[in-house]
Amino acid sequence: MKDKPWSGRFNQDTDVVVEAFTESVSFDSRLYREDIQGSIAHAHMLCAAGILTAAEAEAITEGLVGIGEEIENGSFSFDPALEDVHMNIEVELTRRIGEAGRKLHTARSRNDQVATDFKLYVREELCRTEESLRRLMTSLIEKAREHVDTIIPGMTHLQHAQPVSLAHHLLAYVEMFLRDHSRIVDTKKRLNTSPLGSAALAGTPHPIDREMTAAELGFDGPSRNSMDAVSDRDFALEAVFDAATIMMHLSRMAEEIILWNSSPFSFVELSDAYCTGSSIMPQKKNPDVAELVRGKVGSVYGNLVALLTMMKGLPLAYNRDMQEDKIPVMETLDTVRQCLEVMAGLIAGLRVNQEAVRESLNRGFITATDVADFLVDKGVSFREAHRITGELISSLIGQGRTLGELTLDEFRSYAKEFDEGIFTVIRPENSVDRRTSFGGTARKNVRQELNHAQERLAGLENTD
Ligand code: ARG
């Protein structure tokens with residue numbers, strides 16, 4: 001019979017098909033750092049509690065550090081027959097240091113062990129995601145600084161609506177990513193209790209010190225209910241939800257870049273380093289990076305639903321179903337970080353085609369609201385002003401002309417309140433600069449907001 005840490009009550013080897021079906025080491029080996037860190041903290045505590053001698057604790061620690069180094073440099077080989085990362089490391093430790101290794105699992109179960117390892121892993125990955133978010137926001141703010149004076153058509157329903165500063169548009173994304181960042185900070189706060197010492201589900205009779213392991217592992221304290229601690233995966237779900245929201249924001253941005261880069265728009269040019277070509281059409285330079293970001297959202301949403309469904313209806317406490325949490329979480333956190341990183345680079349290399357942007361402002365009667373507002377300033381009711389402007393535009397559409405081509409007499413044929421001032425009002429930059437309401441796109445506002453965004457970003461870096 002093969003020797004497994006749990007094989008005592010078994011009289012038959014595990015079927016090979018079952019071994020392959022139940023193993024998780026092929027993916028949870030990524031938790032080796034956290035597993036070793038958790039085990040070292042546990043050994044320190046067992047020693048302080050008098051359960052291990054100082055020599056045993058030291059042998060365990062040294063053995064684990066050695067195993068960690070071998071895993072790191074690729075010379076360690078994981079055995080799927082030993083199921084998961086936890087048993088692989090424990091068995092190897094015992095092989096190396098003997099009996100002391102067999103004492104490490106005192107007052108602990110794989111149930112609290114895996115919950116602890118996974119929390120440490122998710123916490124670290126979330127910190128890295130925060131960093132990537134900050135890099136993307138830095139990129140967006142820098143690009144926004146270059147483009148306060150670039151006026152683009154703001155859209156609703158993907159139609160010309162009102163002119164806005166491109167910086168204002170980019171800062172809208174900074175707001176989204178700042179919210180994403182704060183969501184991660186919140187997730188980390190709720191995550192930060194230590195399951196270690198909850199054992200299988202009911203706690204342990206051994207005189208352990210859960211405060212001590214919690215402190216060594218950087219948790220705020222031990223979890224308060226052993227059954228909840230071993231069966232809670234809210235932290236994983238929240239992390240994936242946070243990632244899904246980031247992906248949603250990224251894909252909106254990706255979509256706009258694809259659109260702006262499209263032949264009919266030609267608002268932007270992407271750097272060659274961030275595009276790929278076509279194998280048949282030599283003229284092509286495709287925005288594949290943005291398209292892939294948009295495309296990868298699907299698997300992240302899928303992972304969120306997979307996790308929610310996996311947890312649904314699970315009776316307390318641990319059930320093996322929960323082993324299925326690893327791949328969706330790991331895959332999601334890898335994907336979101338990769339997407340954040342490439343988008344930061346894509347934004348940095350973005351060049352604006354000023355001519356195309358300016359040209360597009362002539363279309364779509366983008367300052368029609370300003371024409372109506374002009375009449376309002378002259379005492380006309382907004383509804384009446386809206387009607388007059390609507391009629392004026394309708395006739396321009398019929399004639400194939402733009403607002404800028406109207407003479408004063410023509411304006412006045414629609415309303416006597418029009419005067420020379422109307423020509424200033426319909427200039428896009430004036431339209432932008434009049435929108436000085438708090439949060440509006442006036443360039444004066446946008447300059448202030450740029451500094452404010454920069455300060456908020458710097459504030460985040462200091463809290464991490
Ligand atoms: N590999 C398992 C997981 O990831 C570890 C916990 C196993 N516990 C158990 N009672 N079989 O969930």
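Every number for a ligand or one of its atoms is a count from 1 in the order of the listing. Residues: numbered from 1 along the sequence shown. This is a predicted model, so every value here is computed, not measured.
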Notebook entry, point to check: Would you find a donor on one side and an acceptor on the other, under 3.5 Å apart, between the side chain of Lys444 and the backbone of Asp433?
Noted result: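 Here the side-chain-to-backbone pair does not exist.
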
Notebook entry, point to check: Are Thr14 and Lys4 side-chain neighbours, meaning at least one heavy-atom pair lies under 4.5 Å?
Noted result: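 In short, these two side chains touch, coming nearer than 4.5 Å.
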
Quick one: do [X] and [Y] make a salt bridge, cutoff under 4.0 Å?
| X | Y | answer |
| --- | --- | --- |
| Arg233 | Asp325 | yes |
| Arg252 | Glu255 | no |
| Glu131 | Arg337 | no |

Check: Is the cationic atom of Lys326 (NZ for Lys, CZ for Arg) positioned less than 6.0 Å from the six-membered ring centroid of Phe27 and within 45 degrees of its normal?
Finding: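 No, Lys326 does not sit over the ring of Phe27.
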
Ligand-protein N/O pairs under 3.5 Å (ligand 1):
residue: ligand 1; atom: 1 (N); partner: Ser24; partner atom: OG; Å: 3.4
residue: ligand 1; atom: 1 (N); partner: Asp84; partner atom: OD2; Å: 2.9
residue: ligand 1; atom: 1 (N); partner: Gln323; partner atom: OE1; Å: 2.8
residue: ligand 1; atom: 4 (O); partner: Lys326; partner atom: NZ; Å: 2.7
residue: ligand 1; atom: 8 (N); partner: Asn111; partner atom: OD1; Å: 2.9
residue: ligand 1; atom: 10 (N); partner: Asn111; partner atom: OD1; Å: 3.2
residue: ligand 1; atom: 12 (O); partner: Tyr318; partner atom: OH; Å: 2.5

